[in-house]
Every structure is written in C-alpha cells, then in structure tokens.
Amino acid sequence: MLIRTPKEVKEIKKRFLTHYPNAKTELNYSDLYQLLVAVILSAQCTDKRVNLITPKLFQKYPTIFDLAKAEVKDVEELIKSCTYFSNKAKHLVNMAKMVVEEYKGEIPKDEKELVKLPGVGKKSANVVMIEYFGKNLMAVDTHVFRVSHRLGLSSAKTPDKTQQELTTLFKTDLNKLHHAMVLFGRYICTAKEPKCKNCFLKEFCVKERDT
DNA sequence: CTCCCGATAT
DNA sequence: ATATCAGGAG
C-alpha cells in the first residue's frame, strides 16, 4: 500500500541525500576480502564492535587463502567478543574455503553468487554490492526496515518486501539512500529512544512505534 | 519459525 | 538482573 505521495517520496529522498551526501559503511576494510569478512561479522552485531575485532583478524589472516587454512578455534578466539562468534567462525572459514575451491580465490562479483557463501544472506550480499561495486541497490537491514516503516515508505512485514517497495519508490540513488537510511536509523531514528528533536523528517513520521 | 549468544544501556 | 541491539542457517 502506498502511504506517501510521489511528491513526498521525492522530498524524503532529497533530504536523505542532502543530510548524508557522503554516506558510506562504517565498517573498516581495505579490500573486498576484508569487506566481506567484516560484513559477515556485522550480522546482528554493531559495526563498532566489528571494527574492534577485524584488525587482529586481518593481521593473522591477510588473504582469503590464509583464512581458508585457518583453524576454526583460532578464528573463534579472535572474534569471541562478537555475537554468535561460534557460528561466524565456522562461516568465515567455510566461506573462505568455498571461494578458494569453487571460485579460484576470487570473491564473486554478483549477488546471486555471494548469497551462496556461508554466512552471507541477502542483506550482506547487497551491502557488498553497494559498498564495493557501487551498485544501485537497496539493502534492507534492521535500520532501513524500521525507518521505512516510521516514515510510511513501507508497511511490509519482511525486509524482502520492503526492499522491493523502496526500490520502486526511489528508483535511483538506492545505494546512497541505503547508507543514508542506515546512518539516520543508527543515530537519529533509533530503535529505542528516537532523537525526534534532531529529526529532519519529523513531518513524515507516522508515529507508530512498532515492537 | 527456532536457534545462535556477547555487549551495552537501564 | 534484565531488556534490547543486530541477520543468517537449518
């Protein structure tokens, strides 16, 4: 269902883009391998925490080939301050093994292939496509999902559906909008106590606190 | 739909 | 002490 008029959508889009002109991920990385690892670790975990973990991890495993040969227990030790560390340690090593064995060590460059990797779901694959390859895609994480609902841009019950709706509504600059909406959700339209005083989209808030 | 499961704010 | 944050796999 469409709550926002096309004119309102345009205005919301414009404000996101002007308030966050240079939005990008807050994950630290220096190449595609590091970005993919950081994104896998960031599932249900804050970027801040991931950034605390990755320096030592990348020092011990500088390339995907090193990670493919790693002991899961050693990886666990390095990422244990991260939520679901046990699953993620397995995913990281298995992901690296798959890339080495099935893709000659070359991390795939499209979403369809990325999603096949252990620990990589739709949101993570989209984030990599947006961040590294600059693709015009909308990735829907918990922030984008919440913000979309509060702004009346989506009433979908699943992130997948919200992604389709946002893609249809915005059409262009989806990658920039993704980053902008994440930052907006993380620092202003927060899950718990939204900073409504600092909100530059107040007038579009449906004021329904889900959950 | 359940499990996974640490850190931080309250 | 407890509620809340934050995605993917089986």
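Hydrogens, waters and symmetry mates play no part in the numbers below; they use all other heavy atoms, side chains included. Lettering of chains follows the sequences in order, A, B, ..., and the numbering in each one begins at 1.
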> Near DNA chain C, which residues from residues 42-59 of chain A have a heavy atom under 4.0 Å away?
Replying inline: Ser42(A), Ala43(A), Gln44(A), Cys45(A)
>> Please report the interatomic distance CZ(Phe200(A)) to CD1(Ile188(A)), rounded to the nearest 0.5 Å.
In response: 5.0 Å
> Of all the nucleotides listed (dG7(C), dT4(C), dC5(B)), which has the minimum atom distance to the side chain of Lys192(A)?
Replying inline: dT4(C)
> To the nearest angstrom, how far is Leu41(A) atom CG from dA7(B) atom P?
Replying inline: 14 Å
> Under 4.0 angstrom, heavy atoms only, what part of the nucleic acid is Lys80(A) near: base, sugar-phosphate, or nothing?
Replying inline: sugar-phosphate
> In whole Å, what is the span from the OH atom of Tyr84(A) to the P atom of dT4(C)?
Replying inline: 15 Å
>> If you compare every side-chain N and O of Lys123(A) against the phosphate oxygens of dG7(C) (OP1, OP2), does one of them come in below 4.0 Å?
In response: yes
> With nearest nucleotides of DNA chain C determined for Arg186(A) and His91(A) from heavy-atom distances, which residue corresponds to the more 5′ nucleotide?
Replying inline: Arg186(A)
> Side chains of Lys13(A) and Thr172(A): is there a donor and an acceptor less than 3.5 Å apart?
Replying inline: yes
>> Does Leu117(A) reach a base, just sugar-phosphate, or nothing at all? Heavy atoms under 4.0 Å.
In response: sugar-phosphate
> Using a cut-off of 4.0 Å on non-hydrogen atoms, how would the nucleic acid contact of Pro118(A) be classed: base, sugar-phosphate, or nothing?
Replying inline: sugar-phosphate
>> Measure CZ/Arg146(A) against C1'/dA6(C) and give the value in whole Å, please.
In response: 10 Å
>> Would you say that Ser155(A) contacts Thr162(A) through its side chain, given a criterion of any heavy-atom pair below 4.5 Å between the two side chains?
In response: no
> What is the distance from atom CE of Met181(A) to atom CG of Leu151(A), rounded to the nearest 0.5 Å?
Replying inline: 6.5 Å
>> Please tell me whether Arg146(A) and His143(A) have a donor and an acceptor in their side chains that are separated by less than 3.5 angstrom.
In response: yes
>> How many whole angstroms separate atom NZ of Lys90(A) from atom P of dC3(B)?
In response: 16 Å
>> Measuring only the P atom in each nucleotide, how far is dT10(B) from dA6(C)? A whole number of Å is fine.
In response: 14 Å
> What is the distance, rounded to the nearest whole Å, between atom CG of Asn87(A) and atom C1' of dT2(B)?
Replying inline: 13 Å
> Of the candidate nucleotides dG7(C), dA6(C), dA7(B), which contains the atom at the shortest distance from the side chain of Ser81(A)?
Replying inline: dA7(B)
> Rounding to a whole Å, what distance do you find between His143(A):NE2 and dT4(C):C1'?
Replying inline: 13 Å
>> Measuring from the side chain of Ser124(A) (C-beta onward, heavy atoms only), which nucleotide among dG8(C), dA6(C), dT10(B) has the closest atom?
In response: dG8(C)
>> What is the separation between atom CD1 on Ile79(A) and atom P on dC4(B), rounded to the nearest whole Å?
In response: 16 Å
> Between Asn51(A) (side chain) and Asn28(A) (backbone), is there a donor-acceptor pair under 3.5 Å?
Replying inline: yes
>> Can you tell me which nucleotide in dG6(B), dT4(C), dG7(C) comes closest to the side chain of Thr83(A)?
In response: dG6(B)
> Can you check whether Val127(A) reaches His178(A) side chain to side chain, under 4.5 Å on heavy atoms?
Replying inline: yes
>> Could you tell me how far apart Leu92(A) (CG) and dG7(C) (C1') are, to the nearest whole angstrom?
In response: 14 Å
> Any side-chain donor paired with an acceptor under 3.5 Å for Ser154(A) and Glu165(A)?
Replying inline: yes
